[in-house]
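Working notes for the structure below.
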Amino acid sequence: MIAIRPSRMMQVVIAWCALMTLVPAATFGQTLRKIGFIDVPGPKGQRFDYLTMDPEDHYLLSAHLGPGILYVVDVRTNSVVRAIPGVPGITGVEYIPGLRQIYTSDWGEEKIGIVDLKLMRVVKRLPTADKPNGSTYATEFRKVYVSNTNGKAVTVVNVDTAEVVKTLEFGSETGMPQYDSVAHKVYVNLRSTDEVAVIDPNNDSIVERYKVPGCQYNHGMAVDSEHHRAFLLCGGNRTLTVLALDSRAALAHFPLPQGADVVKYDPGLGRAYAACASGFISVIQEDDAMRFRKLEDFPVQKLVHSLAVDTDTHRVYAPEQQEDGLPVARIMIYEAVLSPPAKE
């Protein structure tokens, strides 16, 4: 028998095919593709929480709740610019454009921390009710709204004076608040009562609260301001509910994997991404204001319950505290994969 030696090109092809069989299934999906990760210097295996983008500096801001560290990451170089300590039990992270400030919800001391990005440190602390958590910024009104989950309240801060101007009480555990920049209203999840409350930022009055049909224990929220739609994570019945904020009607319900916590919306792609701690990112497509469809439960590592979307690049960032059960401390980077349009 004559032995046939494969060409160099053939050897490369064979090696590539063998490598591709070793790539984890979670690397590729219908909606997302893993393209890298950023190691962060904090302790491995400890819980992360909210992330948000600073579009002015092209920074990703990530809360490492366990050790009480805020990471400032340059997404142009995928490098950590600074790990800012002194934010114990950090949960929520809100960037204030123009001021180059970050408002952090620091559960460990029941305070809001104000971080100056020019100094890269905490410059002020404001008291809150029990368990400061998610937050939102009403840009035109120059106010930050911080949910106090166990305190059943929302703390309102004027960013020009850096002072608390009001505390709104609801008699229900509060979930994520969100600002509709077109309707000029702040919406707050009331998770104990399966309701949404509406705040008028002109005078910070509670103008309405109503039940969300088919949604139990609503915690996470993202808002599409252009169409007045909210994407609610309903932990009690493991559902993502699309709520029409103008008509108060539930337009769609989608089943979710266990542990859904944070949902973010990319208006450029019309996608909502929900991070589920059981090991998935669920992806919902908004085809128009009345039509929605679930694209995928994209597999990720377990305990990933938060994420952020860069609306300029459409990349999704999600922190990991473990890989196959072993402790890590890193932020995964996913690139959006465009799906074909819905069939008529």
Side-chain angles (χ1 to χ4, degrees), residues 49-50 65 89 91-94 103 105-108 110-112 126-138 143-157 164-180 183-223 228-251 253 256 258-263 274-277 305-306:
D49 218 292
Y50 288 99
L65 186 154
T91 55
V93 182
E94 200 65 39
Y103 277 61
S105 303
D106 302 336
W107 182 13
E110 312 288 15
K111 290 182 179 179
I112 297 167
L126 303 172
T128 69
D130 190 13
K131 195 180 179 180
N133 203 338
S135 56
T136 193
Y137 179 51
K143 296 175 186 175
V144 173
Y145 295 78
V146 179
S147 165
N148 304 293
T149 301
N150 295 344
K152 303 179 179 181
V154 168
T155 300
V156 186
V157 181
V164 175
V165 294
K166 197 166 188 177
T167 298
L168 300 170
E169 298 182 353
F170 293 93
S172 164
E173 290 184 356
T174 51
M176 187 69 180
Q178 286 286 275
Y179 176 59
D180 184 330
H184 302 297
K185 294 290 189 295
V186 174
Y187 298 90
V188 184
N189 273 324
L190 304 181
R191 64 189 202 181
S192 304
T193 55
D194 309 331
E195 292 177 299
V196 165
V198 186
I199 301 170
D200 183 350
N202 284 291
N203 54 17
D204 295 319
S205 61
I206 303 168
V207 296
E208 191 176 4
R209 52 190 292 176
Y210 54 87
K211 290 277 188 181
V212 181
C215 179
Q216 300 171 12
Y217 204 71
N218 45 311
H219 177 67
M221 182 195 301
V223 165
H228 307 297
R229 301 294 182 254
F231 300 88
L232 306 183
L233 301 186
C234 312
N237 53 343
R238 290 169 54 179
T239 298
L240 185 149
T241 295
V242 182
L243 175 68
L245 295 170
D246 42 10
S247 68
R248 301 162 191 77
L251 301 179
H253 301 284
L256 291 177
Q258 189 172 0
D261 188 1
V262 173
V263 58
C276 305
H305 67 101
S306 186

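Note: hydrogens, waters and symmetry copies are ignored here, and every other heavy atom, side chains too, is used.
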Grab the two heavy atoms, one from [X] and one from [Y], that are nearest each other, plus how far apart they are.
| X | Y | answer |
| --- | --- | --- |
| Thr91 | Pro132 | OG1-O, 2.9 Å |
| Val186 | Pro201 | CG2-CG, 4.1 Å |
| Tyr217 | Gly236 | CB-N, 3.6 Å |
| Gly175 | Val188 | O-CG1, 4.3 Å |
| Tyr145 | Ile199 | CE2-CG2, 4.2 Å |
| His253 | Pro213 | CE1-O, 3.1 Å |

Rounded at 0.5 Å granularity, tell me how far [atom1] in [X] sits from [atom2] in [Y].
| X | Y | atom1 | atom2 | value |
| --- | --- | --- | --- | --- |
| Asp194 | Gln216 | CG | CD | 6.0 Å |
| Glu173 | Asn150 | CD | CG | 5.5 Å |
| Ser172 | Asn218 | OG | CG | 8.0 Å |
| Lys185 | Leu245 | NZ | CG | 11.5 Å |
| Asn189 | Thr174 | CG | OG1 | 9.5 Å |
| Glu195 | Glu208 | CD | CD | 10.5 Å |

Is there a donor-acceptor pair under 3.5 Å between the side chain of [X] and the backbone N or O of [Y]?
| X | Y | value |
| --- | --- | --- |
| Ser147 | Ser135 | no |
| Asp180 | Tyr187 | no |
| Ser306 | Asp49 | yes |
| Ser105 | Asn133 | yes |
| Thr128 | Glu110 | yes |
| Arg209 | Leu190 | no |

For Glu169, does the CD atom sit with more than 12 other heavy atoms under 6.0 Å from it, leaving out its own atoms?
->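 No, CD of Glu169 has 12 or fewer neighbouring heavy atoms, counting only those of other groups under 6.0 Å.
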Does the side chain of [Y] come within less than 4.5 Å of [X]'s, by heavy atoms?
| X | Y | result |
| --- | --- | --- |
| Thr149 | Arg191 | yes |
| Thr193 | Phe170 | no |
| Thr136 | Met221 | no |
| Leu126 | Val146 | no |

Looking just at side-chain N and O atoms, do Asp246 and His228 make a donor-acceptor pair shorter than 3.5 Å?
->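 Distance-only check fails for Asp246 and His228.
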For Glu94, which residues count as a salt bridge (charged side-chain N to carboxylate O under 4.0 Å, His left out) partner, sequence neighbours excluded?
->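 Glu94 satisfies salt bridge (charged side-chain N to carboxylate O under 4.0 Å, His left out) with no other residue.
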All disulfide (SG to SG under 2.5 Å) counterparts of Cys276, not counting sequence neighbours =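 By the disulfide (SG to SG under 2.5 Å) rule, Cys276 matches no residue at all.
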